[in-house]
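Quick notes on the structure that follows.
In the text below, chain A, chain B and the rest are named by the order of the sequence lines, each starting its count at 1.
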Amino acid sequence: MNRDRWWRLQTRAAPYLFVSPFLVIFCVFMLYPLSRSLVLSFEKTIGPRHSAFVGLSNYRYLLGHDRLFGLALLNTAAYTVAFLALQIPMSLGLALLLNSRRILFRDLFRFSFFSSYLVGQVFVGVIFFQLFGPDGLINHAVSIVAGHRVVIPWLSSPNLVLPSVLIASLWLATGYGMVYFLAALQSVDPELYEAAEMDGAGNWQRFVHITLPGIRPMLGYVVLVGAIGGFQLFELPFVLLQGAGPNARGLTVVMYLFVMGFNTGDLGYASAIGWMLVVILLALTFIKFRFFRFGPESGN
Amino acid sequence: MRRVAIHLLLIGLAAVAVLPFVWLICASIKTPEDLLGSTLLPWGHLDHLTLDNFRMLRDQPFGRWVVNSIFLSSLHTVLVVTLSSLGGFALAKYEFAGKRVIMVIMLGTMLLPSQVLVPGSYELMYRLHWIDSYLAIIVPGAVSVFGIILFRQAMIGVPDELLQCGRLDGCSEWRLWWDIALPVVRPMIGAYTLLSFLAEWNSFLWPQIILQNEAKYTLPIGLNSLAGLPEYQHNYGVIMAATLVSILPVAVLFFVLQRDFVSGLASGAVKG
């Protein structure tokens with residue numbers, strides 16, 4: 001019967017129809033540009049029209065001679081390490097404070113810490129540009145604590161660039177990390193705590209021997225997400241410092257990619273920077289799975 | 001006693017977390033003089049509240065940018081949720097030629113940062129004459145490897161018996177996706193809708209490269225261009241009003257989808 005044949009046909013064709021829009025766009029707008037980025041990284045280009053094959057010289061220059069790239073790498077790595085060193089304890093601390101049923105207005109607290117995550121990096125940059133101003137909120141707060149008028153040049157002193165970016169990004173991301181830790185804390189078996197209490201374990205011992213192993217997979221995840229996000233840092237310093245900042249201390253790897261590709265116009269060099277970023281992120285992912293490969297089965 | 005201390009500590013920390021928002025609101029309803037003369041927060045002169053900052057925004061193409069951002073983010077979200085759930089459904093519930101290859105290539109690209117695509121994509125857009133066109137933002141953004149994998153993972157849990165029943169009842173495969181698979185993963189749709197909208201709303205690098213005509217700017221691009229103008233260095237109430245308006249739609253969407261988001265986030269995260 002005709003209807004039967006049509007029916008069988010639509011059953012057979014369905015999966016192909018369902019994936020084809022995805023697949024076509026994926027191939028044309030992801031795989032193809034990806035391969036072009038790889039080819040471009042071996043070329044010198046002036047805008048999208050003129051290019052010449054230069055072999056490995058983009059990479060050689062990038063790694064051997066380009067002091068700005070070295071600076072960008074250093075800034076980005078310093079930011080990432082400092083960010084994780086502060087964000088992880090702060091997020092975990094907040095989660096521990098909130099992880100009790102006896103806290104009143106828990107949802108309200110959770111939302112007030114998390115809400116900043118909804119604000120995009122660009123908007124955070126615009127807001128903190130004013131907060132860090134000579135007469136901004138932050139200098140006022142410092143003045144009140146110090147007891148006299150203090151004007152800290154947050155955004156114009158090279159050594160204060162990193163702290164300023166950190167303050168703004170911690171405001172943005174601490175509550176986000178907290179949400180993940182709270183979810184992990186709630187999955188730790190409460191009986192373990194009761195048993196430990198009966199054995200006379202103190203707060204600190206319970207934290208080290210029960211809480212930490214219990215949330216270890218989540219810890220690994222939050223660290224990895226933070227590290228990957230850290231190395232991709234761009235919008236926040238770009239808007240906050242209106243560019244690379246004093247002495248280019250706010251220059252990051254992705255900002256350098258943007259500047260080289262779209263201000264200088266060398267798409268080839270920008271691609272090479274992009275592939276260096278790929279190498280860094282793959283290395284970070286590898287390290288994570290090497291050292292945090294503890295699933296639930298190996299945690300006690 | 002201890003409980004009181006914890007609550008006081010939490011209130012203090014929450015105050016610090018919320019302070020920039022409070023300041024933002026104060027700054028946008030104050031005159032420039034009140035703003036500069038204020039101490040910690042521009043509380044004073046509560047009789048002096050003004051909507052002038054919002055009125056001044058009308059002299060800028062700001063309203064245009066709000067419309068552009070809402071249009072692009074909504075269209076992006078609808079497209080990416082539809083295509084991801086369709087593709088995820090196929091990958092979760094069907095066996096077909098090439099499925100393994102697709103999965104392996106997708107997972108491979110998931111490890112790559114999106115920025116490495118930018119030079120190659122720009123070259124492609126240049127050849128397609130899509131520079132300064134919304135097509136360059138909408139079309140490549142319509143697919144997300146993360147999204148399709150998310151939906152695949154969620155839809156694996158849809159019982160096969162349910163799908164078979166649907167087929168016996170005469171549902172087309174299309175209807176199975178719409179009437180059976182999608183309702184089962186409803187909380188995840190809410191969470192992913194919020195994430196997609198948020199990502200596009202706040203997106204900066206790619207629109208900054210593609211969009212050149214001021215009338216086509218989105219809010220992040222437009223606001224960044226305003227914030228650098230010297231005439232707003234001392235009259236930043238206008239910029240703050242613009243920022244406030246830029247954050248509000250996302251906050252509204254969050255409140256609408258909050259329940260889905262928290263449950264979706266928690267269920268996805270504990271597995272990871």
Side-chain angles (χ1 to χ4, degrees), chain A residues 10-11 14-16 18-19 21-22 25-26 29-30 32-34 36-37 40 48 97 102 104 109 112-113 116 118-123 126-127 129-131 135 137 140-141 144 171 175 179-180 183 187 221 232 234-235 239 242 254 257-258 261-262 267 270-271 274-275 277-278 281-282 285, chain B residues 3 6-7 9-10 14 17-18 20 23-24 36 39-40 83 86-87 89-91 94 96 102 109 111-113 115-124 126 139-140 142-143 148 172-173 198 201-202 204-205 209 220 223-224 227-228 236 239-240 243 246-247 250-251 254 265-266 269-270 272:
Chain A
Q10 72 96 21
T11 312
Y16 297 102
F18 290 168
V19 286
F22 169 83
I25 298 178
F26 178 71
F29 293 98
M30 283 184 84
Y32 173 72
L34 197 63
R36 279 303 300 164
S37 280
L40 277 170
L97 281 179
R102 286 157 59 209
L104 303 171
F109 280 123
S112 35
F113 294 126
S116 54
L118 300 173
V119 186
Q121 284 194 31
V122 172
F123 305 123
V126 172
I127 297 172
F129 180 77
Q130 300 301 342
L131 296 185
D135 287 310
L137 177 69
H140 271 304
I144 288 171
W171 178 72
V179 170
Y180 278 91
S187 70
Y221 175 78
Q232 293 179 306
F234 166 56
E235 288 102 323
V239 175
Q242 292 292 309
V254 175
L257 183 157
F258 174 75
F262 302 95
L267 292 178
S271 300
W275 286 101
L277 184 67
V278 170
L281 297 191
L282 286 182
T285 310
Chain B
R3 248 184 100 202
I6 289 180
H7 278 90
L9 181 62
L10 279 172
V18 179
W23 182 86
L24 182 65
L36 281 176
T39 50
L40 188 59
L83 293 189
L86 264 180
F89 182 52
L91 291 173
Y94 294 89
F96 57 94
I102 295 174
T109 57
L111 294 171
L112 300 174
Q115 292 91 347
V116 71
L117 279 173
V118 164
S121 298
Y122 180 78
E123 192 198 50
L124 178 62
Y126 181 82
V139 178
V143 303
I148 201 168
S172 65
E173 304 300 311
L198 202 60
W201 187 264
N202 294 330
F204 182 74
L205 176 60
I209 290 167
L223 219 58
N224 180 48
Y236 52 80
I239 303 286
M240 293 302 115
T243 311
S246 306
I247 295 172
V250 182
F254 178 79
L265 190 76
V270 172

Heavy atoms only, distances under 4.5 angstrom: which of [options] has the most pairs with chain B? Name it, please.
options                     : result
A:Ala14, A:Pro15, A:Gly175  : A:Pro15
A:Val239, A:Leu97, A:Leu257 : A:Leu97
A:Gly120, A:Gly274, A:Ser37 : A:Ser37

Next on the checklist: For the backbone of A:Gln10 and the side chain of B:Glu173, can you confirm whether one donor and one acceptor N or O come within less than 3.5 Å of each other?
Outcome noted: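 Such a contact is absent between B:Glu173 side chain and A:Gln10 backbone.
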Non-hydrogen atoms of [X] and [Y] that approach each other most closely:
X        : Y        : value
A:Gln130 : B:Trp23  : CB-CH2, 3.4 Å
B:Met240 : A:Val126 : CE-O, 3.7 Å
A:Ser112 : B:Ala17  : O-CB, 3.8 Å

Under 4.5 Å from any heavy atom of chain B - which part of [X]:
X        : answer
A:Phe26  : both
A:Trp171 : side chain
A:Phe129 : side chain
A:Thr285 : side chain
A:Val254 : side chain
A:Leu34  : both

Counting only heavy atoms closer than 4.5 Å, note whether [X] contacts chain A via side chain, backbone, both or neither.
X        : result
B:Ser172 : both
B:Ala142 : side chain
B:Tyr126 : side chain

Is there a side-chain contact between [X] and [Y] (heavy atoms, below 4.5 Å)?
X        : Y        : result
B:Asn202 : A:Val122 : no
A:Glu235 : B:Asn224 : no
B:Leu111 : A:Leu282 : yes
B:Ile247 : A:Leu118 : no
A:Phe234 : B:Gln115 : no
B:Leu205 : A:Phe258 : yes
A:Phe262 : B:Tyr122 : yes
A:Phe113 : B:Leu10  : yes

To the nearest 0.5 Å, what is the distance between [atom1] ([X]) and [atom2] ([Y])?
X        : Y        : atom1 : atom2 : result
B:Ile239 : A:Ile127 : CD1   : CD1   : 12.0 Å
A:Phe123 : B:Thr243 : CZ    : OG1   : 7.5 Å
A:Leu104 : B:Ile6   : CG    : CD1   : 11.5 Å
A:Phe29  : B:Leu124 : CZ    : CG    : 5.5 Å

Checklist entry - Relative to chain A, which of B:Leu198, B:Ile209, B:Leu24 shows the most heavy atom pairs under 4.5 Å? => result B:Ile209
Checklist entry - When heavy-atom pairs shorter than 4.5 Å are enumerated against chain A, which of B:Ser246, B:Pro20, B:Ala227, B:Gly87 gives the highest number? => result B:Pro20
Next on the checklist: Parallel, tilted or perpendicular, judged at 30° and 60°: which one describes the rings of B:Phe96 and A:Tyr16?
Outcome noted: perpendicular
Checklist entry - Excluding sequence neighbours, so at least two apart, what forms side chain to side chain contact (heavy atoms under 4.5 Å, CB included) with B:Ser121? => result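 Residues passing side chain to side chain contact (heavy atoms under 4.5 Å, CB included) with B:Ser121: A:Pro33, B:Leu117, B:Trp206.
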Checklist entry - Residues two or more places apart in sequence or in another chain: which of them pass salt bridge (charged side-chain N to carboxylate O under 4.0 Å, His left out) with B:Glu123? => result A:Arg36, B:Arg127
